[in-house]
Amino acid sequence: DVTQTLFKKQLDNVKMYINMQNLDENIGGTILTYFDYLWIHQGGQNGNAVLDYMPKLLAEEVREEIVGHLVKDLFFVKDAHRDFVALFTNELLMTKYLPGDVLFYSGEIASALFF
């Protein structure tokens with residue numbers, strides 16, 4: 001399978017980077033766990049990169065399909081014009097995090113939205 005071969009090559013590059021940078025075993029293990037998680041949940045694909053290959057309008061439509069139901073009830077989106085919702089969802093980055101990852105700490109000033 002071509003996708004699996006490409007992913008294994010990418011994983012080999014990541015392992016080489018970990019070794020070259022002399023990273024601690026804990027952080028190196030976390031990096032490898034993240035790539036395993038990506039493989040299991042997304043077939044090793046970065047959702048944002050895939051959307052970048054699509055024509056703009058199609059990518060907007062796909063983003064809206066994926067996250068539209070998550071943002072439609074936000075107080076600054078629920079009564080907004082459809083064009084604003086499209087622009088807003090187009091600016092969102094789709095990132096996978098590992099279960100247990102800390103995304104923010106209590107009291108921290110927000111710089112992102114997480115869904």
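Along the sequence shown, the residues carry numbers beginning at 1.
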Worksheet, complete the sentence: D36 meets the side chain to side chain donor-acceptor pair (under 3.5 Å) criterion, sequence neighbours left out, with none
Fill in: Non-hydrogen side-chain atoms of Q4 and K8 separated by less than 4.5 Å
yes
Fill in: For D24, all residues meeting side-chain contact (heavy atoms from CB on, under 4.5 Å), sequence neighbours excluded
N26, I27
Worksheet item: In Å and rounded to the nearest 0.5 Å, what is the CG to CZ distance from N90 to R63?
Response: 4.5 Å
Item to complete: Using salt bridge (Lys or Arg N to Asp or Glu O under 4.0 Å) as the criterion, list what pairs up with K56, not counting sequence neighbours.
Response: E60
Item to complete: Keeping to residues at least two apart or across chains, list the salt bridge (Lys or Arg N to Asp or Glu O under 4.0 Å) pairs with something in residues 80-103.
Response: E64-R82
Worksheet item: Do I31 and L23 pass the side-chain contact (heavy atoms from CB on, under 4.5 Å) test, and can you show the C-alpha distance, the side-chain angles, and the key distance before you say yes or no?
Response: CA-CA 10 Å; I31 292 168; L23 295 177; 3.9 Å; yes
Item to complete: Would you mind listing every ring-ring contact (aromatic ring centres under 6.0 Å, His included) that reaches into residues 9-28, with sequence neighbours excluded?
Response: none
Practice prompt. Output the rest of the hydrophobic cluster of F104: all Ile, Leu, Val, Met, Phe, Trp and Tyr residues reachable through side-chain heavy-atom contacts under 4.5 Å, sorted by chain and number.
Written response: Y97, L103, F114
Fill in: Listed partners of L74 passing side-chain contact (heavy atoms from CB on, under 4.5 Å), at least two apart
V71, F76, V77, F88, L113, F115
Fill in: Counterpart residues, side-chain contact (heavy atoms from CB on, under 4.5 Å), relative to M20 (two or more places apart)
M16
Worksheet item: Under a single-linkage rule joining Ile, Leu, Val, Met, Phe, Trp and Tyr whose side-chain heavy atoms are separated by less than 4.5 Å, which residues share a cluster with I109?
Response: none
Worksheet item: Can you hop from L70 to V62 via hydrophobic side chains spaced under 4.5 Å?
Response: yes
Fill in: Residue pairs involving residues 103-115 (criterion salt bridge (Lys or Arg N to Asp or Glu O under 4.0 Å); sequence neighbours excluded)
none
Item to complete: Please check if L92 and F75 belong to a single hydrophobic cluster, counting links between Ile, Leu, Val, Met, Phe, Trp and Tyr side chain heavy atoms closer than 4.5 Å.
Response: yes
Fill in: Set of side-chain contact (heavy atoms from CB on, under 4.5 Å) partners for Q10, sequence neighbours left out
F7, F35
Discussion item. Between V85 and K72, is there a side-chain heavy-atom distance shorter than 4.5 Å?
Written reply: no
Worksheet item: Apart from Y53 itself, which Ile, Leu, Val, Met, Phe, Trp or Tyr residues share its cluster (side-chain heavy atoms under 4.5 Å, direct or through members)?
Response: none
Worksheet, complete the sentence: When rounded to the nearest 0.5 Å, the distance separating CG of L93 from CG of L51 is 10.5 Å
Worksheet item: Do I18 and L32 pass the side-chain contact (heavy atoms from CB on, under 4.5 Å) test, and can you show the C-alpha distance, the side-chain angles, and the key distance before you say yes or no?
Response: CA-CA 9 Å; I18 291 169; L32 295 176; 4.0 Å; yes
